[in-house]
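Scroll down for the structure; my scribbles are underneath it.
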Amino acid sequence: MRTRPRTRAVGRGPRGVLSGCVVLALLATVGACRVALAPPGAPTTWPAEWAGRWQWQWQLSGVLDPTVDADVFLLDPVATTAAQTAELRSRDRRLVCQVHVGSVVPTDPDASRFPTAVRGAAARRPQSRWLDVRQWDALRPVLADRFRLCRGKGFGAVALADADGYAHRSGFPLGFDDQLLFNRRLAELARSLDLSPGLVDDVPQVAALAPDFDFAVNQECVRRDLCAKLLPFVEAGKPVFHVEYTGSTADFCVTTVGYGFSSIRKDRELDAWRVSCPVP
């Protein structure tokens with residue numbers, strides 16, 4: 001069994017300016033030094049001047065560690081309790097829930113609400129099935145309730161996972177435009193429910209979807225040599241939250257920080273352990 005020391009962030013996000021605020025308090029208000037956190041009931045904001053400077057954490061397994069030195073937490077809305085989100089919000093953390101919008105597994109609490117006709121071939125997760133994203137009328141009510149669960153637990157943003165069924169053998173004749181329409185509809189739905197929408201992977205559609213989403217979450221763009229394709233988000237002043245599962249931060253951080261990403265190293269099980277790249 002590996003034993004790894006706890007690694008603190010080399011650089012800091014907005015909280016890293018707090019010490020400077022103490023000095024500046026004699027000249028200006030503390031509020032002017034900090035990035036304001038949206039109150040409950042409002043979508044999370046992502047000030048352009050902080051793009052690339054957020055420290056973030058992605059945890060979907062294990063016991064949640066609220067003390068991780070990160071500004072942004074990407075979490076499972078079903079497993080995370082309202083008490084946990086309240087604690088994180090009390091620490092001025094920005095909270096993003098991950099919602100699988102293009103797949104379903106039998107253990108999902110709402111699995112029975114997806115008609116058999118919209119379930120296709122095996123997807124990424126064990127026992128999961130791709131959904132027919134052309135069937136908006138059937139999918140919208142279920143996905144809207146998944147978003148409402150996030151909102152009700154105190155999340156201010158939602159990251160849309162499995163939003164790229166068109167690029168896989170989904171069991172349906174899904175085209176690029178079918179997925180594009182579905183993803184745009186989801187972004188609009190999230191906004192209508194006071195959630196900031198983020199796109200997970202789906203790199204081939206980034207150029208088209210960057211105007212519709214507030215941030216991107218990417219896995220292994222360095223290993224896959226795809227990082228340049230995420231630049232539409234960076235150029236628009238929007239965060240790119242990036243993770244690599246292999247390699248050393250000493251190697252890939254040079255690339256991703258140069259691109260303006262917020263990068264971390266994680267294990268694939270996405271437990272609490274992380275190593276972060278420095279931020280500007």
**OP:** Would you name the heavy atoms of Phe73 and Asp65 that are closest together and state the gap between them?
**Re:** CE2-O, 3.6 Å

Original post:
When clusters are formed by joining ILVMFWY residues with side-chain heavy atoms under 4.5 Å apart, either directly or through shared neighbours, do Val217 and Tyr245 land in the same one?
Top reply: yes

Subject >> Polar side chain donor-acceptor pair, Ser61 to Asp271, under 3.5 angstrom >> reply: no

Subject >> Any donor-acceptor pair under 3.5 Å from Asp76 side chain to Val78 backbone >> reply: yes

**OP:** Indicate whether the side chain of Arg124 and that of His168 have a donor and an acceptor atom separated by less than 3.5 Å.
**Re:** yes

Original post:
With a 4.5 Å heavy-atom cut-off, do Gln98 and Trp58 have their side chains touching?
Top reply: yes

Original post:
Using 4.0 Å as the upper bound for N to carboxylate O, is an ion pair formed by Arg265 and Asp267?
Top reply: yes

**OP:** Please tell me if the side chains of Leu189 and Arg140 come closer than 4.5 Å, counting only heavy atoms from C-beta onward.
**Re:** yes

**OP:** Please indicate whether Glu235 has more than 12 foreign heavy atoms, meaning atoms of other residues, nucleotides or ligands, lying under 6.0 Å from its CD.
**Re:** yes

Subject >> Side-chain heavy-atom pair Leu139, Val118 within 4.5 angstrom cut-off >> reply: yes

Original post:
Is there a side-chain contact (heavy atoms from CB on, under 4.5 Å) between Tyr259 and Leu230 once you walk through the steps?
Top reply: CA-CA 9 Å; Tyr259 274 118; Leu230 295 162; over 6 Å; no

Original post:
Do the non-hydrogen side-chain atoms of Arg151 and Leu193 ever get within less than 4.5 Å of each other?
Top reply: no

**OP:** Check the pair Tyr166 / Asp177 against side chain to side chain donor-acceptor pair (under 3.5 Å), numbers first and verdict last.
**Re:** CA-CA 9 Å; Tyr166 76 101; Asp177 290 340; over 6 Å; no

Original post:
When hydrophobic residues are tied together by side-chain contacts of less than 4.5 Å, even through go-betweens, does Leu181 share a cluster with Trp136?
Top reply: no

Original post:
What distance do Leu64 atom CG and Leu88 atom CG have between them, rounded to the nearest 0.5 Å?
Top reply: 5.5 Å

Subject >> Main-chain N/O of Ala163 paired to Gln179 side chain as donor or acceptor, under 3.5 Å >> reply: yes

**OP:** State whether a side-chain donor-acceptor pair under 3.5 Å links Ser103 with Arg129.
**Re:** no

**OP:** Measure the shortest side-chain to side-chain distance between Val72 and Arg93 over non-hydrogen atoms and say whether it is less than 4.5 angstrom.
**Re:** no

**OP:** Is it possible for you to say whether Leu209 and Leu186 belong to one hydrophobic cluster, with membership spreading through side-chain heavy-atom contacts below 4.5 Å?
**Re:** yes

Original post:
Where the side chain of Gln57 meets the backbone of Asp69, is there a donor-acceptor pair that is under 3.5 Å apart?
Top reply: no

Subject >> salt_bridge(Arg91, Glu87) N-O dist < 4.0 Å >> reply: yes

**OP:** Show your reasoning for whether side-chain contact (heavy atoms from CB on, under 4.5 Å) applies to Leu160 and Phe147.
**Re:** CA-CA 10 Å; Leu160 310 185; Phe147 290 180; 3.6 Å; yes

Original post:
Do Asp145 and Arg148 meet the salt-bridge criterion of a basic N to acidic O distance under 4.0 Å?
Top reply: yes

**OP:** Identify the two heavy atoms, one from Leu195 and one from Cys150, that lie closest to each other, and give their separation to 0.1 Å.
**Re:** CD1-CB, 4.3 Å

Original post:
Any Lys/Arg nitrogen of Arg94 or Asp71 sitting under 4.0 Å from an Asp/Glu carboxylate oxygen of the other?
Top reply: no

Original post:
If only atom types and distance count, is the side chain of Lys229 paired as donor or acceptor with the main-chain N or O of Pro204 below 3.5 Å?
Top reply: no

Original post:
Do you know the tightest heavy-atom contact between Cys277 and Val257?
Top reply: CB-CG2, 3.9 Å

Subject >> Distance in Å, Asp162 CG paired with Trp130 CH2, rounded so as to fall on 0.5 Å steps >> reply: 4.5 Å

**OP:** Walk me through it: do Val101 and Phe182 pass the test side-chain contact (heavy atoms from CB on, under 4.5 Å)?
**Re:** CA-CA 10 Å; Val101 295; Phe182 179 69; 4.3 Å; yes

**OP:** Could you check if a side-chain atom of Asn183 sits within less than 4.5 angstrom of a side-chain atom of Asp202, using non-hydrogen atoms only?
**Re:** yes

Original post:
Which atom pair, heavy atoms only, marks the closest approach of Ala159 to Val96?
Top reply: N-CG1, 3.7 Å

Subject >> Joint cluster assignment, Val222 & Val234, ILVMFWY side-chain distance < 4.5 Å >> reply: no

**OP:** Give a yes or no answer on whether the side chain of Lys238 reaches the backbone of Ala210 with a donor-acceptor pair at less than 3.5 Å.
**Re:** yes

Original post:
Short question: side chain of Glu244, backbone of Cys221 - any donor-acceptor pair under 3.5 Å?
Top reply: yes

Subject >> Audit row: Val158, Ser196, side-chain contact (heavy atoms from CB on, under 4.5 Å) steps and yes/no >> reply: CA-CA 6 Å; Val158 56; Ser196 169; over 6 Å; no

Original post:
Does the side chain of Leu270 reach to within under 4.5 Å of the side chain of Gln59, using non-hydrogen atoms?
Top reply: no

**OP:** Can you see which heavy atom on Leu149 is nearest to which on Pro77, and at what distance?
**Re:** CD2-O, 4.1 Å

Original post:
Should Cys227 and Phe261 count as side-chain neighbours, where that means a heavy-atom distance under 4.5 Å?
Top reply: yes

Subject >> Side-chain ion pair, Glu220 and Lys266, N-O less than 4.0 Å >> reply: no

Original post:
For the atom pair OG1 (Thr80) and CG (Leu95), what is the distance rounded to the nearest 0.5 Å?
Top reply: 8.5 Å

Original post:
Between CG of Leu131 and CZ of Phe172, what distance do you get to the nearest 0.5 Å?
Top reply: 7.5 Å

**OP:** Give a yes or no on whether a salt bridge exists between Arg119 and Asp132, defined as a side-chain N under 4.0 angstrom from a carboxylate O.
**Re:** no

**OP:** May I ask you to decide if the ring planes of Trp54 and Trp46 are parallel, tilted or perpendicular, using 30° and 60° as cut-offs?
**Re:** perpendicular

Original post:
With distance as the sole criterion, is a donor-acceptor pair present between the side chains of Ser263 and Thr256 under 3.5 Å?
Top reply: yes

Original post:
Taking a hydrophobic cluster as the set of Ile, Leu, Val, Met, Phe, Trp and Tyr residues connected by side-chain heavy atoms closer than 4.5 Å, whether directly or through intermediates, do Val243 and Val200 fall within one such cluster?
Top reply: yes

**OP:** To the nearest 0.5 Å, tell me how far Asp164 CG sits from Phe176 CZ.
**Re:** 11.5 Å

Original post:
Does Asp212 pair with Arg184 as a salt bridge, N-O distance under 4.0 Å?
Top reply: yes

Original post:
How many angstroms lie between atom CZ of Arg223 and atom OG1 of Thr246, to the nearest 0.5 angstrom?
Top reply: 6.0 Å

**OP:** For Ser262 and Gln55, indicate whether the former's side chain and the latter's backbone hold a donor-acceptor pair under 3.5 Å.
**Re:** no

Subject >> Side-chain donor-acceptor contact under 3.5 Å, Asp201 with Gln219 >> reply: yes

**OP:** For Ser128 and Val105, work out which heavy atoms get closest and say how close.
**Re:** CB-CG1, 3.2 Å

Subject >> Plane angle bin for Phe241 and Trp56 - parallel if under 30°, tilted between 30 and 60°, otherwise perpendicular >> reply: tilted

